[in-house]
There are 4 protein chains.
Amino acid sequence: MTGGRRRSESSRLAILDAARDLLLERGYERLTIDAIAARAGVGKQTIYRWWGSKGAVVADAALEGGLAPPLVAPPDTGDIEADLRAWLRDWTSRLASGVGTSLILALTAATAEDHAVADVLYERFTAPHEQLLRDRLELARVAGQLGPQAPVPTIAGVLIGSLLYRVLSRQEPPTADDADLVVRVVLGGAGG
Amino acid sequence: MTGGRRRSESSRLAILDAARDLLLERGYERLTIDAIAARAGVGKQTIYRWWGSKGAVVADAALEGGLAPPLVAPPDTGDIEADLRAWLRDWTSRLASGVGTSLILALTAATAEDHAVADVLYERFTAPHEQLLRDRLELARVAGQLGPQAPVPTIAGVLIGSLLYRVLSRQEPPTADDADLVVRVVLGGAGG
Amino acid sequence: MTGGRRRSESSRLAILDAARDLLLERGYERLTIDAIAARAGVGKQTIYRWWGSKGAVVADAALEGGLAPPLVAPPDTGDIEADLRAWLRDWTSRLASGVGTSLILALTAATAEDHAVADVLYERFTAPHEQLLRDRLELARVAGQLGPQAPVPTIAGVLIGSLLYRVLSRQEPPTADDADLVVRVVLGGAGG
Amino acid sequence: MTGGRRRSESSRLAILDAARDLLLERGYERLTIDAIAARAGVGKQTIYRWWGSKGAVVADAALEGGLAPPLVAPPDTGDIEADLRAWLRDWTSRLASGVGTSLILALTAATAEDHAVADVLYERFTAPHEQLLRDRLELARVAGQLGPQAPVPTIAGVLIGSLLYRVLSRQEPPTADDADLVVRVVLGGAGG
DNA sequence: CCTTAAGCGAGACGGTACGTCTGGTCTTGAA
DNA sequence: TTCAAGACCAGACGTACCGTCTCGCTTAAGG
């Protein structure tokens, strides 16, 4: 009922670091558990004892391994257009760095291949970021900067989706100008 | 330099059919080349002779195997809002069927894993559909239904991206109401 | 540097048994590693981890799998002619059983195809049997039953070679009469 | 009932040459029909039209491709011992050259793996050589140089088997001295 | 001369087996 | 009880050959 050895924090971190590095070096489908274990100097069982599958390790590595961007809320200067622009520009610059693109591709592959991983990533990566965006939009709506009926979740989804589509379709990251245009369309509307 | 047996059209079609069926039955990550060959009654080498990877077969199966939706232009009734709504509702109903979702996930996984496949899919699937949308939008802009400076490519990207995001985030597939809201935001703007 | 699971003795024996059975059922050239693994209930890698080729497995199966005849010395009754006759008859009866012929053919194929296997078989199968024969001949020479200059290694080689030739050339196993004639020629000489 | 193109002699020879060269270069088990066809500049069907299997081509290549030693009878000087010595020395020198050893190994592998090939080789290679030897031995028996009851087939088999055993046991190829010892044992007997 | 039928080089075909790689589990001895 | 190490079963991978099957093109004989 009593003791036994405790989980090794250094092993946990070594695994996450190794997974992160290998993910960026080789991409999701060429990433192997054996390689993670070898690079981390860890037995494979130590990985499987704490994570259920390759996807779970990768998701965790992205989230805790210092890979994913920190959860930063859009600014709140009172000007929703300027704030969204700033937020979207922030993301485009991260994606332009290349690391961001690899990450999105890897996470997308993991999402598309493994339902369980998709859920984890949605809960701990996508949803929190989207929530921050929704919060800012809701603030703007209440402040009268958006129409009183403005469909906040739809707006958030449109903003994020436009980014995702650029990454997946072009393999060429979006620019700051793209960000500005998206904000203009979404807030101002395209109608004449 | 001359002779040699010709490529077997029946084998080509059998492979594409088998790939399509297995993709829908088992999903992309549980799809194997061995299974495709076995179901198609074909040697594995006949697959590898003509396609370079699993992703390439799947892409081809989607495009030529009757899996991908036909290339249908948005209607042109003169009312851009109604036409976009119809076009987006059409897509949401396809995605709601489940088949569409599996397909998008499979193609996304293939895109995220294999650069060459991404290029093929973009050229033969994404770009044509996007182009039809852009054409309709351009018509509307010229007709004065959009602002004269309306950034047509951005608008198209935003519309498609919103769909993609819904599928990948693995929430419920988008509904007709979602489609209407997206159109309202994109055309009418969220600003108040 | 320390740990690691130990080699599974039960797998080792299952592989050797399966190889032996399949060798006798199907012959050397129709024997496959896949079939050995399947029958032994073992992963293919477990075979390749410990043996380098099909020939190596077969050689080991013959030697340790209870397939090869046990290492039995020629009798020593004091009468070299009778003893050689008994020894040679023993071999011919084994070869006449059919099992022996298959085995010799399989081992010969392995020998002719794979130098490394040839070395192993020579050291662990051929040489020991030949040595026993040489020992008995040497005893006879010292006892004056052979000429004092009798070339023992040559005599041993001639006796064994005559057996081998019968197996390889006729595909019809030698008989006890053949054995007697060989002994008569080798000991008594053909000269008149 | 009418004409048709005749078999191409140049293709036949090209195939035999290619098979011979590849056999010596790579050994029997690494020899492929595809490689023979490619080197001979010939379609595979042209091989299969005239030979039934790889072994059949190899056997033919050895026999007609100028690979196997010509069928030379033992000399007949009247002295059977000297003649056998000459014959056996001739063979040992051929085997010592290395080409002979490769050939014997290849043919042995073919024999051990393919019953049909074994039959062809026995009829057209082994048996004719053995027959010449038997003829010379029979002459000697009639001439009184061997005992009147001398078992000529056994003697021939013993002589050939001793050579074969040396090659297959992969020790050094036999020497002229070995040849002399074998003749001495077989003719003079080992008994004291 | 013209048909007809076989042989030809080429190379794709359905298969089988290869030897390797990876996923996820199990075992060992040390900590 | 966890750890590093590493063997285990399972099964997909992509390649190599097998022997068969078209292709379109020579060749010859026979009409």
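Below, read A as the first sequence line, B as the second, and so on, with proteins coming before strands; counting in each chain starts at 1. Given the structure is predicted, the values throughout are model-derived calculations rather than measurements.
Distance from the side chain of B:Arg5 is smallest for E:dG11 among the nucleotides F:dG14, E:dG11, E:dT25. Side chain of D:Thr32, nearest nucleotide from F:dC18, F:dA4, E:dT27: F:dC18. Listed candidates were F:dC3, F:dT20, F:dA7. Nearest to the side chain of D:Gln45 is F:dT20. Comparing F:dC21, F:dC8, F:dG14 by their nearest atom to the side chain of C:Ser8 picks out F:dC8.
When each of B:Gly52 and C:Arg7 is assigned the nucleotide of DNA chain F with its nearest heavy atom, C:Arg7 is the one assigned upstream, toward the 5' end. Map D:Lys54 and A:Thr46 each onto its nearest nucleotide of DNA chain F; the residue landing nearer the 5' end is A:Thr46.
Under 3.5 Å, the side chain of B:Lys44 and the base of F:dG14 form at least one donor-acceptor pair of N or O atoms. Side-chain N/O atoms of A:Arg6 and base N/O atoms of F:dT2 include no donor-acceptor pair closer than 3.5 Å.
Note that C:Arg7 lies in the cation-pi zone of C:Trp50, set by a 6.0 Å cut-off to the ring centre and a 45° limit from the axis. A cation-pi contact, defined as under 6.0 Å to the ring centre and within 45° of the axis, is absent between A:Lys54 and A:Tyr48.
Using a cut-off of 4.0 Å between Lys/Arg side-chain N and Asp/Glu carboxylate O, D:Asp60 and D:Arg20 are scored as not salt-bridged. C:Glu25 has no carboxylate O lying under 4.0 Å from a charged side-chain N of C:Arg30, or vice versa, which leaves the two without a salt bridge.
Looking at heavy-atom distances under 4.0 Å, A:Trp50 makes contact with sugar-phosphate atoms alone, never a base.
Computed from coordinates, the C:Asp34 CG to F:dC13 C1' distance equals 13 Å when rounded to whole Å. In this structure, CZ of B:Arg49 is placed 17 Å from P of F:dC13, rounded to the nearest angstrom.
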